[in-house]
A.B. asks: 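Here it is, the structure, as C-alpha cells.
Ligands are counted one by one from 1 in listed order, and the atoms in each one are counted from 1 as well.
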Amino acid sequence: MRDAVLSMLLDNLGNFVSGEDISRQLGITRAAVWKYIRLLQSEGYLIESSTKKGYCLRQVPDILDEVLLTRGLNTSILGRNVEIHSSIGSTNARAKELALSGAREGTVVIADEQVQGRGRLGRSWVSPPGKGIWMSVILRPRLSSQQVPRITIMTAVAVANALKRSAQIDVGIKWPNDVVCGGKKLCGILTEVHAEPEVIHYAVVGIGLNVNLSFEDLPEDIRDIATSLRIEKGKEFNRADIIKSILQEMEKGYLQGLRDDGFAGLLKEYERRSVILGKRIRVIGVDGQFSGYAQGFGLDGSLMLRLDDGRVERILAGDVSLRGENGY
Ligand code: BTX
C-alpha cells in the first residue's frame, strides 16, 4: 500500500492530491493515508501537506526504492526483477548465488553500500553507503566462453551512453573494464561467469559507478586514480535515474552484441571512446608484461597490441597503464 500511495504522489509530482482521492482510489481510510504519508516523509520524501488541498510530493530523495527504480523503466529483460539491499558484502557474490539457484535473466541486485566490494584478481572496490551505484546484473547469454570479454565491452559502451544521456557527461573507456573521465576511473565493471567451453550457464556483470562521492569520500590511496560524477560535474545526481538509464542502454547493447554484426557496431563505439587506441601502453597480462601500441580490438573483445618488433600480440585480459600517468 505504501508503494501505491507513493505512485499516486509521483503521478502528480509537484501538484496536490487530496487525501480523499487517495483514500477513495486505494480503498483505505484517511487515517491510513496519513500513516503512509508520515512513513514516506520519514524515508526522506519531501511531502507538503495542507488541510485544504491534500498532499504534494515536492522532492524525491536519492534513495534506492523499488518504486523509483522500476517506474518508467523501459526494458523487457533487465531490471524486471530487482533485489535491493541497504548493506551487503558484494552484489556480485549475491547475484551469483541467485543465478545458481535459477534466478531469471535480467535479475538485478543493488546495494546502497558494499562492505566487501570486489574488483578483478581479488582487488577490493570502495563502495561507501548512499553515494554510488553498486549493482550486478544476471545474464544468460548465448555466447561461447571465448566470447565472454564481449559482455564487459557491451556494458562499458552502455554505461558511457547512459552517462551521456542522464548526466550529460562524455566519458572514455579504458580496455578492458574501466569507464574513465579526465584520466581517472569513474566506473569499474566486473564480469564473472560460470561456463563450459561452448556454453555460458550464467554471467554476472557487476557495475561500480562513483556517483555522489566527494574527493574526501575516496580513500587517500585511490585519490590519484579515481573520480566521481559529483567531482567531475560539481553537482549531485539521482542514482535511480542513472540506474534506469544504464539498464535501458545495457539491454539495447546486449541484444545487439549477441549477434556478430551487432557486436561489430558496438566495437566501433567502444573504439571511438577508447582512451588507449593508437597510444603507447604497457599491459600486464596473464602471460607477462608487454609494451607497445594499442592497435585495435578483436571480435572476441581482445586487445591487439603492436609490439616494438612489429609483431601483434592478442591479449585477452590484463591491466593497462598509459605511460607517464601514475601507472594508471
Ligand atoms: P579492477 O580490478 O579493475 O579495479 C580495482 C582497483 O580500482 C582497486 O585496486 C583500486 O585501485 C581501484 N578502486 C577501488 N575502488 C574504487 C572506486 N570506488 N573508484 C575508483 N577506483 C577504485 C574493477 O576492478 C571492477 C569493479 C567492479 C565493482 C562492482 S560494484 C558492484 C559489483 N559487486 C562487486 O563486488 N563488484 C562489482
Side-chain angles (χ1 to χ4, degrees), residues 64 82-99 107-139 148-149 151-153 155-156 158-159 163 171-193 202-232 239 242-243 246-247 250 275-276 283-286 303 315 317-322 325-328:
L64 302 178
V82 182
E83 190 180 282
I84 303 169
H85 296 264
S86 52
S87 181
I88 199 171
S90 151
T91 56
N92 259 39
R94 174 64 186 148
K96 284 201 279 186
E97 272 172 28
L98 289 173
T107 298
V108 174
V109 180
I110 304 181
D112 207 43
E113 169 192 45
Q114 294 187 120
V115 292
Q116 277 174 320
R118 295 187 287 112
R120 292 174 304 153
L121 307 167
R123 291 186 284 237
S124 62
W125 188 258
V126 173
S127 322
K131 307 248 170 159
I133 293 173
W134 327 122
M135 76 169 171
S136 302
V137 181
I138 297 174
L139 299 176
V148 166
I151 301 171
T152 304
I153 286 187
T155 307
V159 169
L163 290 177
V171 294
I173 299 175
K174 184 162 168 242
W175 184 91
N177 68 326
D178 289 345
V179 173
V180 298
C181 193
K184 292 181 169 187
K185 197 147 147 170
L186 181 63
C187 167
I189 297 161
L190 176 66
T191 304
E192 297 183 283
V193 295
Y202 67 76
V204 164
V205 187
I207 298 174
L209 172 64
N210 299 329
V211 181
N212 293 325
L213 284 84
S214 65
F215 185 70
E216 291 71 30
D217 290 323
L218 295 167
E220 269 175 38
D221 60 325
I222 60 166
R223 284 184 186 168
D224 284 347
I225 61 158
T227 190
S228 73
L229 287 179
R230 175 176 159 182
I231 295 169
E232 296 301 322
R239 287 173 297 162
I242 297 177
I243 290 168
I246 292 176
L247 293 176
M250 214 173 144
V275 295
I276 66 167
V283 188
I284 304 175
V286 272
L303 164 69
I315 302 172
D319 277 307
V320 169
S321 61
L322 281 153
E325 285 199 30
N326 306 320
Y328 176 64

A.B. asks: So, the side chain of Asn210 versus the backbone of Thr227: is there a donor-acceptor pair under 3.5 Å, distance only?
C.D. replies: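 Yes, the answer is positive, given that a donor and an acceptor are paired below the 3.5 Å cut-off.
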
A.B. asks: Nearest 0.5 Å please: distance from the CZ atom of Arg118 over to the CG atom of Leu190.
C.D. replies: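 Interatomic distance, Arg118 CZ to Leu190 CG, rounded to 0.5 Å: 6.0 Å.
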
A.B. asks: For residues Pro128 and Leu213, report the shortest heavy-atom separation together with the two atoms involved.
C.D. replies: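 Answer, listing the atom of Pro128 first, then Leu213: CG-CD2, 3.7 Å.
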
A.B. asks: Between Arg120 and Gly318, is there a donor-acceptor pair closer than 3.5 Å when you use the side chain of the first and the backbone of the second?
C.D. replies: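 Confirmed, Arg120 side chain pairs with Gly318 backbone.
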
A.B. asks: Within ligand 1, which atoms have a heavy atom of Ile189 less than 4.0 Å away?
C.D. replies: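 Those atoms are 25 (C).
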
A.B. asks: Where does Asn177 meet ligand 1, judged by heavy-atom distances below 4.0 Å: at the side chain, the backbone, both, or neither?
C.D. replies: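 Side chain only.
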
A.B. asks: Which residue owns the protein heavy atom closest to atom 7 (O) of ligand 1, what's the atom, and how far is it?
C.D. replies: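 For this ligand atom, the closest protein heavy atom is Lys185 NZ, 3.2 Å.
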
A.B. asks: Taking atom 24 (O) of ligand 1 as the point of reference, which of Ala226, Pro219, Gly119 owns the nearest heavy atom?
C.D. replies: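 Checking each option, the heavy atom nearest atom 24 (O) of ligand 1 is found in Gly119.
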
A.B. asks: Give me the residue, atom name and distance of the protein heavy atom closest to atom 29 (C) of ligand 1.
C.D. replies: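 Checking every protein heavy atom, the shortest distance to atom 29 (C) of ligand 1 gives Gly208 N, 3.6 Å.
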
A.B. asks: Short N/O distance, under 3.5 Å, between Gln116 and ligand 1?
C.D. replies: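 N/O-N/O distance under 3.5 Å: no.
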
A.B. asks: Under 3.5 Å, is there a donor-acceptor pair between the side chain of Lys96 and the main chain of Tyr202?
C.D. replies: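 No; zero donor-acceptor contacts below 3.5 Å.
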
A.B. asks: At under 4.0 Å between heavy atoms, which part of Ser136 makes contact with ligand 1: side chain, backbone, both or neither?
C.D. replies: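 For Ser136, only side-chain atoms sit under 4.0 Å from ligand 1.
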
A.B. asks: Give the residue, atom name and distance (to 0.1 Å) of the protein heavy atom nearest atom 26 (C) of ligand 1.
C.D. replies: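 Minimum-distance protein heavy atom for atom 26 (C) of ligand 1 reads Trp125 CE3, 3.4 Å.
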
A.B. asks: Measure the distance from atom 36 (N) of ligand 1 to every protein heavy atom, then report the residue, atom name and distance (to 0.1 Å) of the closest one.
C.D. replies: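 Among all protein heavy atoms, the one nearest atom 36 (N) of ligand 1 is Arg118 O, 2.8 Å.
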
A.B. asks: Do Ile110 and Arg239 have side-chain heavy atoms sitting under 4.5 Å apart?
C.D. replies: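 In short, these two side chains do not touch, never coming nearer than 4.5 Å.
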
A.B. asks: Nearest protein heavy-atom contact for atom 15 (N) of ligand 1: which residue, which atom, what distance?
C.D. replies: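 Of every protein heavy atom, Val126 N, 2.9 Å lies nearest to atom 15 (N) of ligand 1.
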
A.B. asks: Evaluate side-chain contact (heavy atoms from CB on, under 4.5 Å) for Arg123 paired with Asp319, printing each intermediate quantity in order.
C.D. replies: CA-CA 12 Å; Arg123 291 186 284 237; Asp319 277 307; 3.1 Å; yes

A.B. asks: May I ask you to decide if Asp178's main-chain N or O and Lys185's side chain share a donor-acceptor pair within less than 3.5 Å?
C.D. replies: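 Absent.
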
A.B. asks: Near Gln114, which atoms of ligand 1 are under 4.0 Å from a heavy atom of that residue?
C.D. replies: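 Listed by number with element: 30 (S), 31 (C), 32 (C), 33 (N), 34 (C), 35 (O).
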
A.B. asks: In terms of atom number and element, which parts of ligand 1 are under 4.0 angstrom from non-hydrogen atoms of Asn210?
C.D. replies: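 Within the 4.0 Å cut-off of Asn210, ligand 1 contributes 17 (C), 18 (N), 19 (N), 20 (C).
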
A.B. asks: Would Ile225 count as a contact of ligand 1 if the rule is a heavy atom under 4.0 Å away?
C.D. replies: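 True for this residue.
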
A.B. asks: Does any donor atom in the side chain of Gln114 or Thr91 lie under 3.5 Å from an acceptor atom in the other side chain?
C.D. replies: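 Side chains of Gln114 and Thr91: pair found under 3.5 Å.
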
A.B. asks: Any N/O of Gly206 closer than 3.5 Å to an N/O of ligand 1?
C.D. replies: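 So ligand 1 has no N or O lying under 3.5 Å from an N or O of Gly206.
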
A.B. asks: Where's the contact between Met135 and ligand 1, heavy-atom distance under 4.0 Å: side chain, backbone, both or neither?
C.D. replies: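 Met135 to ligand 1: backbone contact only, side chain stays beyond 4.0 Å.
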
A.B. asks: State which residue, out of Ile246, Ile133, Ile173, fulfils the side chain to side chain contact (heavy atoms under 4.5 Å, CB included) condition with Val159.
C.D. replies: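 Per the side chain to side chain contact (heavy atoms under 4.5 Å, CB included) rule, the option paired with Val159 is Ile246, out of Ile246, Ile133, Ile173.
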
A.B. asks: Are a donor atom and an acceptor atom from the side chains of Ser136 and Asn92 found within less than 3.5 Å of each other?
C.D. replies: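 A pair is found: one side chain offers a donor N or O, the other an acceptor, under 3.5 Å apart.
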
A.B. asks: Distance to 0.1 Å, residue and atom name: give those for the protein heavy atom nearest to atom 9 (O) of ligand 1.
C.D. replies: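 The closest one turns out to be Arg123 CD, 3.4 Å.
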
A.B. asks: Kindly say whether Ile189 contributes a backbone atom to a donor-acceptor pair with the side chain of Asn177 at under 3.5 angstrom?
C.D. replies: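 The answer is yes, because a donor-acceptor pair under 3.5 Å joins these two groups.
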
A.B. asks: Evaluating non-hydrogen atoms only, which member of Asp217, Leu213, Thr91 is closest to atom 32 (C) of ligand 1?
C.D. replies: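 Looking at heavy atoms only, Thr91 sits closest to atom 32 (C) of ligand 1.
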
A.B. asks: Only heavy atoms of Gly117, strictly under 4.0 Å: list the atoms of ligand 1 that pass.
C.D. replies: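 Listed by number with element, the hits are 35 (O).
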
A.B. asks: Nearest protein heavy atom to atom 10 (C) of ligand 1, by residue and atom, and its distance?
C.D. replies: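 For atom 10 (C) of ligand 1, the nearest protein heavy atom is Ile222 CG2, 3.8 Å.
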
A.B. asks: Using distance alone, with no hydrogens and no angle criterion, decide if Ser87 and Glu113 have a side-chain donor and acceptor under 3.5 Å apart.
C.D. replies: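 There is such a pair between these side chains.
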
A.B. asks: Is the shortest distance from a heavy atom of Ser124 to ligand 1 less than 4.0 Å?
C.D. replies: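 Ser124: in contact with ligand 1 (<4.0 Å).
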
A.B. asks: Is there a nitrogen or oxygen of Trp134 sitting under 3.5 Å from a nitrogen or oxygen of ligand 1?
C.D. replies: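 No, no N or O pair falls under 3.5 Å.
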
